[in-house]
Amino acid sequence: ERPALHAVALGHGRWSVVLPAASTYQVTDMRGAAVLRGRAPGSGATVVDLGGLAPGMYALAVVPVHGPLQVAKLFR
């Protein structure tokens, strides 16, 4: 069983995202445009800050070093 991606709203557009392993991530808006990219060195919480973006829904795509793509919806 693979570890799950888990996101918790911290408020003001900030999210605590627990990544399954060392990963790269990308946040896209609903048009599919990449608005944020990052890298996490290992499992544990990473803060993704959407505070500077327009209000709306965003897709967080996480690509672990080993394992399948995982996606979560984030709201600003």
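Only this structure's heavy atoms are used, side chains among them; waters, hydrogens and symmetry mates stay out.
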The reported gap from OG1 in T28 to CG in L74 (rounded to nearest 0.5 angstrom) is 9.5 Å

Atom pair CZ/CZ of R14 and R76 - distance to nearest 0.5 Å: 12.0 Å

Can you tell me how far the CD atom of Q70 sits from the NE2 atom of H6, to the nearest 0.5 Å? 12.5 Å

CG of L60 to CH2 of W15, rounded to nearest 0.5 Å, is 10.0 Å

Nearest heavy-atom approach of L50 to V27 is CD2-CG1, 4.0 Å

Close side-chain approach of L5 and L19, heavy atoms under 4.5 Å: yes

Nearest heavy-atom contact between P64 and S23 is CA-OG, 3.6 Å

Which atom pair, heavy atoms only, marks the closest approach of A40 to T46? CB-OG1, 3.7 Å

Nearest non-hydrogen partners of Q26 and A34, listed with the distance: CD-CB, 3.8 Å

Separation of D29 CG from L53 CG (nearest 0.5 Å): 8.5 Å

